[in-house]
Amino acid sequence: MTFEFLKSVFDELAKSHPFFRYPILTDGDYEPYIHQAEVFYRLLPRIPVRFLVADDVGLGKTIEGIMIIDQMIKKRGARKILLVVPRVLVKQWVNELLKFSREWKLEVVEYDSGRDVSGDGIYVVSVDTLKLEQHKKKFFSVKWDLIIADEIHKIGFVGSKENLRYKVMSHLVASNPDTNFVGLTATPHRGNDKDYFKRLALVDPYLREENERVIRDAVRAIVLKRNKKNVNEVYENEQIFPPARFIQYVIEPTQDEKNYYTQIRELTLAILKDYYNQKGEQPKALQLLAFMIGRRSLSSPQAGLLTFKRMMESRAEKVDENAEELAEEYAEEEETEEVVEVDKITEDLMSLNAKYLERFKDLIPGLLDLAKKVIEVDSRIKALIDLVDIHKRKGDKIIVFTEYKDTANYIYGKVKEGLRLSDSEVKLITSDVLGQGRVSIEDIKKWLEGEGFKLLIATDVASEGLNLQAANVLIHYELPLSIVKFEQRNGRVWRLKQKKDVYIYYISLNTEIEKAILDNYYNKLLTATIQTGSQVNVADAIIYNGEVKTVINLSDEKEDIPVYLAYNGQGEKKDEERITPLKVWEAAVNGRMDHIVALIGSRIKVIKEAMKKFALYEPLRGQALSDIEKVRMLTGFKNRKELRESVRSLLERVVILSGGSIEGSKIKVGGYLRSVDESRIGLLIHTLNKVVQDRAREAKPFVLCNNIQANYYVAEAVVKLKQSEVLSIPIVIKVEEKDKLIVERVPLSQFLREVLPLAAECTAYPEYVEIIDKPFSGIIRDIEVDNLGKLLDSYKKYKRERGRDNWLPDDKVNPEINIVIKGGIIGLKEIDNVRERVLEGLKKLQARDGLSVKEEGGILRIEGKINGKYDIRYVEIVRPSQLLSRSSTSWSYSYSNGALIGVKRG
């Protein structure tokens, strides 16, 4: 078996092919996808790289960012890299980057206040830390090689004004207009055109006018947005994202629960009445009190109990004086960096307004009594326990999300006791748990991926940007009042690497407020954009004692325009600006939800027309589909299915020839035993590479094969812009001599599946290969013009429309391609005039390298610089097949398919 040659092949692929490099570097954790390769090949042949990756939640924007970092370090020598991310994602980014730090030889730094940032490294900083005066000057003084801004939608406009984050980021980017900059977001346009334009201007500081034609041309030029449906139906043509169903069922409340809900609604309305009666004053605190007390109390009877106890107390000693401001940020769903602790904000807000709340003290004993009764007969918690038990018996892993820490603690205790779960089966994650340092998000992820049943109960601290796809069941204990947060939570499990069907639940009590939120808000909005599914499809997943209300198939989108765009109005009047959780809650309590839904519906119609000018949400067709075909050609694979089949067939051949065996998912070679899930292509690639590396003593770039007629060269298409190398594309070139040399590019899929297995028994390695004839101009033109060139057309068109800059490529400077042969299979094809062809080849080398070639008694004496070193060789010319047999001379030379081959003897 040619392990030495295979090692050489995989060493080359691991250097620059995204489908092989990242699985090998991450021990199989990374999974290759065509849509991610499009980012790789679309962005890298540019100087500078300036782009907004706007893929939907769950499509892998983090690894796309890491690919860019990796290539900036490897190809362009980037040493100062800045990542600006939400605070809650700082540690996750650090953990992901640390997987590559040994390869990069760069320190990964989680920035803190005392840290100097002038040295080389990858610095990860929260945007709300960056905006502070004592920090921003440090970052402004550094010339960064690459800046990445994650969740860049948090940086923009609030109302009609730039937020402080935007001002800081704009200053940072504007001072480095030609540095590399990549923004990552799932929500590039949030319904406000000015906000979107300002975000584009961060990516492209030369974009100074809100020209509709230019902004439309920005799509695929400096913005790329794909969704799950695109990945399934266009990029991969298979179900990468399994179906996700939102299952709602309603249970009848007990009389105590009805009374509890009724009294909380009356308390909320009473506070709101006081708020609206104070005309001209309308203290915001009262409106916020009604919202915070009502939402928290209805979350669970335990949260209600603690809320009412706090209302009975006087002002606490330790109170955050900013509680009202924090409550407003939460209720208005402003983009805040902090992990919002809703329970603490509610209690502080009540404490600050203790004097006002005294008027309700006569109601509190009754509410306390009702909360205690409901805890004993809690219908929702009983239904939750039944639902968890059913999925436990099915072998599923489950996440329960709630907004409230007190409710999370309550659920944890009740479910753990009700199902007699062990500490290894159930975990709780809140800001308290994370803040105490007892456990990290990474610890939770590893635990969730472990064997056996797992139930995670979490507050929203775990819902943004965190990957929890080891679970496939998600239960919203209370529905978020924002569709954005609903989708954000769902995206934690419904994402890449999810292998099971996804079930998303909400257990509703049949009360007026919940019916208003579920029927008149959620279902009207979701069914406007998503097909309503059938109950039959999910009958086995629904608990036996609940009345199924609706099943919505979240996978089946009718509209490409997301609902959340309608939350932000274009108007300047306060009432027109935003639809917030606070407004939704008031509408639900007052029975006026139809107004909210009608407003969103009317906005969606306007937005659908407006979005046409941006092209962000248009179906993939025309040039977009053509571009995807170019990406397939550059990778050498049509889709994941072809990659899987190619790798699997070669792995089977390698294992068998190594004396190993494959039984089901078990691979055994020597002392190496591994269970490999075929759906995890990254693991297949890692396993294949490991088997090859373990058995190869060294890498040998060329191998001689007498059972193959053509030469197959493993080559690198080196892409340069003005002499600067920006990208390398691994390719395979087939050269075969017929009436003339026939040269063609062979897809990597075909090379792995058909050619390498044929080379399996070839064990002769030449010491010398000189490709005399290199007719590669057609392949160079193919890559320059038809592949990369087409991918860059939209970029160059955009630059022409937008105006002058010094970015590359442009209409004058295009990428230049050089083909560098790294090794290959030399097919020993017999020809009659081998001696003439060898002498012709040597004559060309005499002219090129100044070699001395003399013949004495049929033996050639070759003297001069060969492969960069002075040498004297005595050479016998032999037929190609004779290179595999012994010879009395020190060197045997032959010729095959345009290549001069030398084998050293003795």
Side-chain angles (χ1 to χ4, degrees), residues 2-9 11-12 696-706 708 710-716 718 733 735-737 741 759 762-776 818-906:
T2 56
F3 286 112
E4 284 76 11
F5 172 65
L6 275 181
K7 174 176 168 55
S8 173
V9 171
D11 286 351
E12 291 303 321
R697 295 184 298 275
E698 59 181 323
K700 293 187 176 179
F702 288 96
V703 66
L704 303 178
C705 290
N706 62 357
I708 295 175
N711 292 359
Y712 289 87
Y713 297 120
V714 177
E716 186 178 50
V718 179
I733 302 172
V735 179
E736 185 172 10
E737 188 162 353
L741 281 180
C762 304
T763 56
Y765 301 100
E767 283 78 16
Y768 176 68
V769 174
E770 185 69 54
I771 303 171
I772 301 300
D773 299 305
K774 298 181 180 179
F776 301 148
N818 294 314
I819 302 294
V820 179
I821 302 298
K822 311 297 285 189
I825 299 168
I826 305 299
L828 299 179
K829 184 173 184 176
E830 293 296 334
I831 56 174
D832 295 329
N833 58 343
V834 63
R835 184 176 184 82
E836 293 174 20
R837 303 305 290 272
V838 170
L839 292 174
E840 285 175 11
L842 288 172
K843 191 172 183 180
K844 291 180 181 179
L845 295 180
Q846 278 183 293
R848 190 191 74 186
D849 300 333
L851 291 181
S852 167
V853 180
K854 296 179 180 178
E855 185 174 3
E856 300 173 0
I859 301 296
L860 300 179
R861 182 182 186 276
I862 303 173
E863 181 178 358
K865 269 196 173 183
I866 305 174
N867 291 340
K869 293 182 181 179
Y870 180 81
D871 198 5
I872 298 175
R873 294 180 178 178
Y874 293 91
V875 174
E876 176 187 15
I877 298 176
V878 299
R879 299 179 69 82
S881 61
Q882 291 178 303
L883 288 172
L884 302 177
S885 59
R886 294 186 61 83
S887 174
S888 58
T889 58
S890 61
W891 280 90
S892 296
Y893 271 31
S894 193
Y895 174 92
S896 183
N897 298 312
L900 200 61
I901 314 113
V903 174
K904 190 176 183 181
R905 304 300 182 186

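Predicted model, so just to flag it, every value in this text is computed and none were measured.
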*Asks:* Are the side chain of S894 and the backbone of I901 linked by a donor-acceptor contact shorter than 3.5 Å?
*Replies:* no
*Asks:* Does any N or O in the side chain of E830 come within less than 3.5 Å of the main-chain N or O of S881, such that one atom is a donor and the other an acceptor?
*Replies:* yes
*Asks:* Could you tell me whether R861 and E856 have a side-chain N and a carboxylate O separated by less than 4.0 Å?
*Replies:* no
*Asks:* When you look at E4 and R697, which way does the salt bridge (charged side-chain N to carboxylate O under 4.0 Å, His left out) test go after all the steps?
*Replies:* CA-CA 7 Å; E4 284 76 11; R697 295 184 298 275; 3.5 Å; yes
*Asks:* Under 3.5 Å, is there a donor-acceptor pair between the side chain of N711 and the main chain of S896?
*Replies:*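 Checked: pair present.
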*Asks:* Please name the pair of heavy atoms, one in Y765 and one in F3, separated by the smallest distance, quoted to 0.1 Å.
*Replies:*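 Scanning both residues completely, I find the closest heavy atoms to be OH-N, 4.1 Å.
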*Asks:* Check this for me: does any side-chain nitrogen of one of E770 and K844 sit under 4.0 Å from a carboxylate oxygen of the other?
*Replies:* no
*Asks:* Ignoring hydrogens and geometry, is there a side-chain-to-backbone donor-acceptor pair from N897 to E737 under 3.5 Å?
*Replies:*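 Yes, N897 side chain to E737 backbone: donor-acceptor pair under 3.5 Å.
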*Asks:* If you take all heavy atoms of F776 and I733, which pair is closest and at what distance?
*Replies:*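 For F776 and I733, the tightest heavy-atom pair comes out as CE2-CG2, 3.9 Å.
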*Asks:* List the residues meeting side chain to side chain donor-acceptor pair (under 3.5 Å) with E836, not counting sequence neighbours, and say none if there are none.
*Replies:*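 Once residues adjacent in sequence are excluded, E836 has no partner under the side chain to side chain donor-acceptor pair (under 3.5 Å) criterion.
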*Asks:* Closest approach of A715 and I819, non-hydrogen atoms and distance?
*Replies:* CB-CG2, 4.0 Å
*Asks:* List for me each residue that meets side chain to side chain donor-acceptor pair (under 3.5 Å) alongside E767, sequence neighbours excluded, and say none if there are none.
*Replies:*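 Side chain to side chain donor-acceptor pair (under 3.5 Å) list for E767, sorted by chain: empty.
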*Asks:* Does the pair K843/E840 count as a salt bridge with the N-to-O cut at 4.0 Å?
*Replies:* no
*Asks:* Test your reading of the model: is there a side-chain donor-acceptor pair from S892 to the backbone of L883, 3.5 Å cut-off?
*Replies:*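 Checking the backbone N and O of L883 against the side chain of S892, no donor-acceptor pair under 3.5 Å is found.
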*Asks:* Quick one: side chain to side chain donor-acceptor pair (under 3.5 Å) partners of Y893, sequence neighbours excluded?
*Replies:* R873
